[in-house]
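Note that these values count all heavy atoms, side chains included, but never hydrogens, waters or copies made by symmetry.
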Amino acid sequence: MTGTNPSDEAVLLERRDGAVAILTLNEPAKRNALTPAIRVALAEAIDRIERDPATRAVVITGGPQVFSAGGDLTAMQADGLAGGRDRFRLLHGIVRAIVKSGKPYIAAVEGWAAGAGFSFALLCDTIIAGEGARFVASFPKVGLVADAGLLHTLPARVGQGRARQILLHASPIGARAGLEIGLVDEVVPDGTALDRAVALARGYDGLAPLSTAMTKEWLARGIDEVLDWERSAQAALFQTADHHEGKTAFLEKRRPAFQGR
């Protein structure tokens, strides 16, 4: 287990079920927001797993209440354009590691997957959702564009038309609605998403790993172009008054007053 929070409890839990690695985001006080500590822990764990030939599949979950609330707004500070671009170094390393991994990833989603948490779920090859799971691309509500590869993964799953509606309206999508449009691969009773994901992951032990790796390599085409664009676009948006207003309004629990600047 790597990464610690102020209480010295691991922010990422790691265990094995045979050839399956299970990673659990573990910062419930922050609703599993993708804090700097969680990002460091994920990068270390994913690198270690990728180099382990005994691991045939990976399951990522956030526990029974929430998958991830997305970016940590309290830590979302960028010192100019250069600082804004630099803060994506670690995140994009994680995105590329998952999308380009030779191993299949399965997301077990219970509760909310919001913002970058939504993006993170869609990095996985398969999404198993509890009945109460909810997904939302909430980026426009804080003056930002979708990041963590969502502009690549979302259209690939649901098509350009539906992706536009999800990205531009920022409206929540339930598990059943997600299943109907291909956003989710399977819906299960609440509290059982992890068990189902692990059971599905065990099946990869009977499939040729090189075939899986080469298939994923082809499907990853285009991710680098999206990440390069989002890095520049998001770094610029970090500097805007609208982003400052969106972040402040969210923390103050009020409606933002955007002005387009």
Side-chain angles (χ1 to χ4, degrees), residues 34 60 67-71 84-85 88 91-101 104-109 111-131 133-187 193 197 200 212-238 240 242-243 246 256 258 260:
L34 299 178
I60 298 179
F67 183 75
S68 173
R85 286 174 58 84
F88 280 94
L91 176 63
H92 282 179
I94 295 169
V95 171
R96 287 185 170 95
I98 295 175
V99 173
K100 296 185 177 185
S101 172
Y105 276 69
I106 301 176
V109 180
W112 281 99
F118 180 25
S119 304
F120 197 72
L122 264 67
L123 295 175
C124 297
D125 304 291
T126 302
I127 298 176
I128 307 298
E131 287 276 3
R134 296 290 183 271
F135 303 84
V136 63
S138 49
F139 304 94
K141 296 181 179 181
V142 290
L144 297 176
V145 293
D147 60 21
L150 191 63
L151 293 173
H152 170 83
T153 58
L154 183 60
R157 270 194 167 266
V158 303
Q160 284 280 350
R162 286 195 174 103
R164 286 175 184 270
Q165 304 312 305
I166 293 169
L167 293 167
L168 297 177
H169 289 281
S171 298
I173 301 170
R176 285 290 172 188
L179 181 65
E180 291 176 3
I181 65 174
L183 181 66
V184 169
D185 296 298
E186 190 173 336
V187 176
L200 194 62
T212 298
M214 294 185 75
T215 299
K216 286 199 60 177
E217 181 180 352
W218 174 264
L219 294 173
R221 288 158 59 104
I223 186 65
D224 289 319
E225 181 182 1
V226 167
L227 295 181
D228 289 345
W229 179 85
E230 75 174 44
R231 184 184 183 196
S232 295
Q234 207 76 304
L237 288 171
F238 282 144
T240 64
D242 274 356
H243 171 57
F258 293 127

Student: Side chains of Ser119 and Phe139, heavy atoms from C-beta outward: is any pair under 4.5 Å?
Tutor: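 In contact.
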
Student: Between Val187 and Glu131, is a side chain to side chain contact (heavy atoms under 4.5 Å, CB included) present by the stated rule, with each step listed?
Tutor: CA-CA 6 Å; Val187 176; Glu131 287 276 3; 3.7 Å; yes

Student: With rounding to the nearest 0.5 angstrom, report the CG to OG distance, Leu144 to Ser138.
Tutor: 9.5 Å

Student: Do you know which of His92, His152, Lys100 makes side-chain hydrogen bond (donor to acceptor under 3.5 Å, both in side chains) with Asp224?
Tutor: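 Of the listed options, the one satisfying the test is Lys100.
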
Student: If we only count heavy atoms from C-beta on, is the Ile106 to Asp125 side-chain gap below 4.5 Å?
Tutor: no

Student: Report yes or no: does Asp242 contribute a side-chain atom to a donor-acceptor pair with the main-chain N or O of Gly260 at less than 3.5 Å?
Tutor: yes

Student: State the SG-CD1 distance between Cys124 and Ile98, to the nearest 0.5 angstrom.
Tutor: 6.0 Å

Student: Do you know which two heavy atoms are closest between Ala146 and Leu167, and how far apart they sit?
Tutor: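 What the structure gives for the nearest pair is CB-CD2, 3.7 Å.
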
Student: Rounded to the nearest 0.5 Å, what separation is found between the CG atom of Leu91 and the CZ atom of Arg96?
Tutor: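 Going from the CG atom of Leu91 to the CZ atom of Arg96 covers 10.0 Å.
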
Student: Calculate, to the nearest 0.5 Å, the distance between atoms OG1 and CZ belonging to Thr153 and Phe118 respectively.
Tutor: 7.5 Å

Student: Does any N or O in the side chain of Glu230 come within less than 3.5 Å of the main-chain N or O of Ala148, such that one atom is a donor and the other an acceptor?
Tutor: yes

Student: Mind checking whether Val136 and Ile166 have side chains closer than 4.5 Å, heavy atoms only?
Tutor: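 No. Closest side-chain heavy atoms not under 4.5 Å.
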
Student: Identify the heavy atoms of Asp147 and Ala116 that sit nearest to each other, and give their distance.
Tutor: OD1-CB, 4.1 Å

Student: Heavy atoms, side chains only, cut-off 4.5 Å: are Leu183 and Leu122 in contact?
Tutor: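 Of all side-chain heavy-atom pairs linking Leu122 with Leu183, at least one is under 4.5 Å.
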
Student: Considering non-hydrogen atoms only, spot the tightest contact between Gly149 and Val226 and give its length.
Tutor: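 Closest heavy-atom pair between Gly149 and Val226: CA-CG1, 4.4 Å.
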
Student: With the side chain counted from C-beta on, respond yes when Phe67 and Phe135 share a heavy-atom pair under 4.5 Å apart, and no when they do not.
Tutor: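 Side-chain contact under 4.5 Å: no.
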
Student: Do we get Arg231 above Trp229's six-membered ring, with its NZ or CZ under 6.0 Å from the centre and within 45° of the axis?
Tutor: no

Student: Donor-acceptor check, side chain of Gln234 to backbone of Val145, threshold 3.5 angstrom: yes or no?
Tutor: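 Present.
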
Student: Is Glu186 close to Ile127 at the side-chain level, that is, under 4.5 Å between some pair of heavy atoms?
Tutor: no

Student: How close do Ala193 and Ala129 get, counting heavy atoms only, and between which atoms?
Tutor: CB-C, 4.4 Å

Student: If I take atom CZ from residue Arg157 and atom CG from residue Leu150, how far apart are they, to the nearest 0.5 angstrom?
Tutor: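 The CZ atom of Arg157 sits 11.5 Å away from the CG atom of Leu150.
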
Student: Going through the checks in order, is the side chain to side chain contact (heavy atoms under 4.5 Å, CB included) test met by Thr240 and His243?
Tutor: CA-CA 5 Å; Thr240 64; His243 171 57; 3.5 Å; yes

Student: Specify the closest pair of heavy atoms between Gly182 and Val158, including all atoms of both residues, with the distance to one decimal.
Tutor: C-CG1, 4.1 Å

Student: Is there side-chain contact between Tyr105 and Ile60, with heavy atoms separated by less than 4.5 Å?
Tutor: yes

Student: Parallel, tilted or perpendicular: which describes the rings of Phe88 and Phe238, with under 30° parallel and over 60° perpendicular?
Tutor: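 Plane angle under 30°, so parallel.
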
Student: Working to the nearest 0.5 Å, report the span between CD1 of Ile181 and CD of Gln165.
Tutor: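 One finds 10.5 Å between CD1 of Ile181 and CD of Gln165.
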
Student: Would a 4.5 Å heavy-atom cut-off, applied to side chains only, mark Lys216 and Ser101 as touching?
Tutor: yes

